Amino acid sequence: MAKILSLFSNEYDLAKAVQRQDPKAQTRLYEKFSSKMLAVCTRYVGDKMEAEDIMIDGFMRVFDKIDQFTFQGSFEGWLRRIMINEALMYVRSKKMIIVDLEYAVEEPNESSFSTDLEAADLMKIIEELPVGYRTVFNLYAIEGYNHQEIGEMLGISEGTSKSQLSRARVMLQSKVMKLEQKALG
C-alpha cells in the first residue's frame, strides 16, 4: 500500500491519475482532502450532515469534471472552489440567502476585538451567524472574494453583499464581546 500512496504524493500526479479514472487515485483523493473539504462545506451550511452530503456531491462533481483541471494553480484550490460552489448551490436552492438588505449598518470598531480568542471559538461564532451573513462573511473574509464576485456568485447586488458583511461583522463583534465578558466573570 505504501508504494501505491507514494505514487500519488504530489497533488498533480494524483490529479493525473484521477483523470485516468484510477479508482485507487480517487480513493486517495477523497482520503487526502475530505476532512478539509468537509470543513469548507460546513462553514456555509452549518449542519454537519448536510455539509457531508454537499461534500460527497462535490467529490462526484470533481470526478466528473476532473478533465477541466488544467494543472495551472493549486489542485486543492480547484477542489475548494468546487466545494464552495456546491455549498452555494445548496444555500441558494434552500433560499437561505437574505437578499433585500441594500443599506449598510455601522461598521464595528475593530480595535475592540480581542486577540485572545481561539480560532475554534471564532469558527463556532461564525457558524451561529444567519446563513446570509455567514455565507458572505466566509466568501469575503476567508475565501478572499470581492463584493462584485460575491454578488455574481449569489445572485445579489454588490451593495447587498457589503451590507451582509457589515451586519455579520457587527454581529460577530457583539458575540465576541459577550464571550469575553462571560470569560471575565
Side-chain angles (χ1 to χ4, degrees), residues 11 29-59 61-62 73-99 101 104-147 149-156 160-185:
E11 71 178 25
L29 176 72
Y30 183 84
E31 290 170 349
K32 182 174 181 175
F33 292 106
S34 62
S35 63
K36 286 182 183 177
M37 297 304 125
L38 180 60
V40 168
C41 295
T42 302
R43 278 202 320 266
Y44 289 91
V45 297
D47 182 87
K48 278 246 197 255
M49 289 180 66
E50 289 175 351
E52 191 170 327
D53 289 344
I54 292 165
M55 180 197 65
I56 290 168
D57 290 345
F59 273 106
R61 186 166 309 274
V62 165
S74 164
F75 182 58
E76 183 176 341
W78 185 78
L79 287 171
R80 176 183 294 273
R81 185 173 199 106
I82 289 174
M83 296 299 164
I84 290 169
N85 287 338
E86 286 294 314
L88 294 178
M89 284 192 306
Y90 175 84
V91 168
R92 279 192 304 261
S93 75
K94 299 294 182 189
K95 301 195 184 326
M96 299 166 79
I97 300 287
I98 300 169
V99 297
L101 300 172
V105 296
E106 179 183 336
E107 283 291 319
N109 179 357
E110 294 179 17
S111 65
S112 66
F113 278 116
S114 170
T115 56
D116 296 334
L117 191 64
E118 295 290 327
D121 294 330
L122 183 57
M123 293 309 289
K124 185 174 177 357
I125 293 170
I126 292 169
E127 286 177 14
E128 295 171 359
L129 291 173
V131 177
Y133 297 179
R134 180 176 64 227
T135 302
V136 171
F137 182 84
N138 282 327
L139 289 170
Y140 185 86
I142 296 175
E143 305 298 343
Y145 292 103
N146 65 42
H147 290 292
E149 292 168 324
I150 294 168
E152 290 170 5
M153 293 169 87
L154 300 179
I156 61 177
T160 298
S161 176
K162 289 177 182 179
S163 175
Q164 295 287 291
L165 178 63
S166 179
R167 290 171 180 264
R169 285 178 171 168
V170 168
M171 192 173 277
L172 283 172
Q173 182 180 24
S174 173
K175 288 178 179 280
V176 166
M177 288 168 55
K178 285 178 186 172
L179 188 64
E180 287 177 342
Q181 289 171 352
K182 186 178 177 183
L184 292 175

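Atoms considered below: every heavy atom in the structure, side chains included; atoms not considered: hydrogens, waters and symmetry mates. Everything numeric in this text was worked out from a predicted model, so none of it was measured.
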Tell me, please, which residues at least two apart from F75 pass ring-ring contact (aromatic ring centres under 6.0 Å, His included).
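F75 satisfies ring-ring contact (aromatic ring centres under 6.0 Å, His included) with F69, W78 only.
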Mind checking ring-ring contact (aromatic ring centres under 6.0 Å, His included) for F137 and listing every partner two or more places apart, or none if nothing turns up?
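Expected list: none.
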Hey, is the main chain of S163 close enough, under 3.5 Å, to the side chain of S166 for a donor-acceptor pair?
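No: the side chain of S166 does not pair with the backbone of S163.
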Counting distance only, does the side-chain N/O of R92 pair as donor-acceptor with the main-chain N or O of G155 below 3.5 Å?
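Looks like no, no N/O pair under 3.5 Å.
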Which value, rounded to the nearest 0.5 Å, describes the distance between [X] atom [atom1] and [Y] atom [atom2]?
| X | Y | atom1 | atom2 | value |
| --- | --- | --- | --- | --- |
| I156 | K162 | CD1 | NZ | 12.0 Å |
| M83 | I54 | CE | CD1 | 10.5 Å |
| T42 | M49 | OG1 | CE | 12.0 Å |
| S174 | R169 | OG | CZ | 16.0 Å |
| I84 | Y44 | CD1 | OH | 4.0 Å |
| L172 | R134 | CG | CZ | 11.5 Å |

Partners meeting salt bridge (charged side-chain N to carboxylate O under 4.0 Å, His left out) with [X] (sequence neighbours left out):
| X | result |
| --- | --- |
| K36 | E76 |
| R61 | E86 |
| E128 | K124, K175 |

I want to check something: taking the side chain as every heavy atom from C-beta on, are [X] and [Y] in contact at a cut-off of under 4.5 Å?
| X | Y | result |
| --- | --- | --- |
| S74 | R80 | no |
| V40 | L79 | no |
| S34 | F59 | yes |
| T160 | L154 | no |
| R81 | E143 | no |

Let's go through H147 and L165 carefully: what are the C-alpha distance in whole Å and the side-chain angles of both, what is the deciding distance for side chain to side chain contact (heavy atoms under 4.5 Å, CB included) to 0.1 Å, and is it a yes or a no?
CA-CA 9 Å; H147 290 292; L165 178 63; 3.5 Å; yes
Which heavy-atom pair separates [X] from [Y] by the least distance, and what is that distance?
| X | Y | result |
| --- | --- | --- |
| V176 | I125 | CG2-CD1, 4.0 Å |
| C41 | A51 | CB-O, 3.6 Å |
| I150 | S161 | CG2-OG, 3.4 Å |

Which residues pass the side chain to side chain contact (heavy atoms under 4.5 Å, CB included) test with [X], not counting sequence neighbours?
| X | value |
| --- | --- |
| E149 | Y145, N146 |
| E52 | L38, M55, I56 |
| D53 | none |

Given I126 and R43, is the side chain to side chain contact (heavy atoms under 4.5 Å, CB included) satisfied, shown in steps?
CA-CA 8 Å; I126 292 169; R43 278 202 320 266; 5.8 Å; no
